[in-house]
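Counting starts at 1 for both ligands and their atoms, following the listed order. A quick note: this is a predicted structure, and the numbers were derived from the prediction, not measured. Throughout, residue positions are numbered sequentially from 1 according to the sequence presented.
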Amino acid sequence: MDVTLLLLFFLLKFPGFYGLSWEEWWTYDGISGPAFWGLINPEWSLCNKGRRQSPVNLEPDKLLFDPNLRQLQVDKPRVNGILTNTGHGIVFTVSNGTTEHHVNITGGPLAYRYQFEEIHLHYGLNDQFGSEHSISGYSFPGEIQIFGFNSQLYSNYSEAVHKAQGIVVVSLLLQMGDLSNPELRILTEQMEKIKFRGNRAEVKRLSIRGLLPETDYYMTYDGSTTMPSCHETVIWLILNKPIYITKQQMFGLRRLMQGDAKHPKAPLGNNFRPPQPLNHRPVRTNINFHFVDDKSMVGKQCPSMRKEVHYKANSWKYHS
Ligand SMILES: *[C@@H]1O[C@H](CO)[C@@H](O)[C@H](O)[C@H]1NC(C)=O
Ligand SMILES: *[C@@H]1O[C@H](CO)[C@@H](O)[C@H](O)[C@H]1NC(C)=O
Ligand SMILES: *[C@@H]1O[C@H](CO)[C@@H](O)[C@H](O)[C@H]1NC(C)=O
């Protein structure tokens with residue numbers, strides 16, 4: 001214990017010793033792992049003190065049907081951008097100036113217009129883990145998070161991430177399947193090129209809309225970013241159907257490394273933060289369980305979420 005503390009102290013005092021900047025100096029395990037993020041850097045204190053943190057475990061029988069929730073809208077235009085191995089995960093960032101129009105994310109629970117900014121990919125080194133959000137304690141092999149910032153109130157992502165109503169994240173759970181989502185393939189095709197930290201690859205003509213599974217249903221709650229600095233400015237939407245990734249694509253992801261070519265360190269996968277307490281936050285849904293015909297939702301389209309289909313939401317009398 002003493003030795004660990006001493007080492008922690010040393011590392012905290014001299015992160016530069018390892019050639020790392022503050023922004024890089026956190027991990028998904030060990031003494032710089034999620035339990036310590038809030039202690040490493042005062043600017044990240046919400047990671048430990050925050051009470052509206054993400055991800056969370058979603059309990060379908062505790063969802064609250066909200067008839068005010070609208071359909072989520074994501075603009076159609078394809079975007080160009082850069083895929084980067086950050087050493088913490090894989091991030092696709094939209095390039096400026098390449099699209100005439102920004103891809104907007106609106107509707108759903110959102111009171112403002114959000115501008116698509118980036119995609120984060122979290123995944124496991126085996127199929128049992130990988131997603132950040134879980135459903136009834138069940139984790140998926142991966143999770144794709146589509147980030148937008150509030151472009152009506154703020155001028156860019158870095159400003160919005162600190163501010164009220166700043167960020168939306170649309171989250172897609174990844175499931176293993178024989179046929180991949182075609183837009184996901186555009187990203188996974190580049191994995192060979194980003195094996196090490198700092199590697200970048202150009203991605204052309206990606207459709208954000210095309211990444212989404214075919215569903216109008218989602219769950220939504222207010223939370224935080226799942227990486228330092230854990231700001232509690234995120235409106236989360238978790239779609240109720242997964243998208244599919246093949247074994248081969250997953251194999252490609254699992255070959256990526258946290259370090260550079262000289263010091264590759266550990267594999268990049270297993271880059272997920274464990275679930276955080278809900279602390280009485282409601283998780284709302286636009287699925288009106290009372291009226292959904294169960295049979296229409298049970299089937300091959302959504303095998304992994306079948307469990308929650310027979311959940312009853314509170315018996316809402318709206319419409320009846
Ligand atoms: C657009 O991107 C280029 C290259 O990354 C950068 O130099 C420039 O400042 C950016 N422009 C705006 C308006 O953000
Ligand atoms: C997104 O919203 C902005 C601001 O209203 C608009 O200029 C732009 O055309 C929208 N993008 C698309 C693809 O419609
Ligand atoms: C983001 O917007 C703020 C406020 O307008 C500005 O000070 C900052 O330089 C911008 N950051 C980037 C990366 O463009």
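Listed by atom number, the atoms of ligand 3 under 4.0 Å from Ser158 heavy atoms are 11 (N), 13 (C). Interface atoms of ligand 3 facing Ser155, defined by a heavy-atom separation under 4.0 Å, are 2 (O), 3 (C), 4 (C), 5 (O).
For the residue pair Asp216/Gln71, the side-chain donor-acceptor check at 3.5 Å is satisfied. Neither side chain, Arg52 nor Gln276, offers a donor N or O lying under 3.5 Å from an acceptor on the other. Side-chain contact check for Ser139 and Ser134: no donor-acceptor pair (N or O, by modelled atom type) lies under 3.5 Å.
Relative orientation of the Trp26 and His88 rings is parallel, given thresholds of 30° and 60° on the angle between their planes.
The residues lining ligand 2, counting any heavy atom closer than 4.0 Å, are Asp75, Pro77, His101, His102, Asn104, Arg113.
You'll find the ring centres of Tyr221 and His133 inside the 6.0 Å limit.
Of the possible polar contacts, one joining the Asn48 side chain to the Ala35 backbone as a donor-acceptor pair under 3.5 Å is found.
The two residues Gln165 and Tyr114 come nearest to each other via the heavy atoms O-OH, 2.8 Å.
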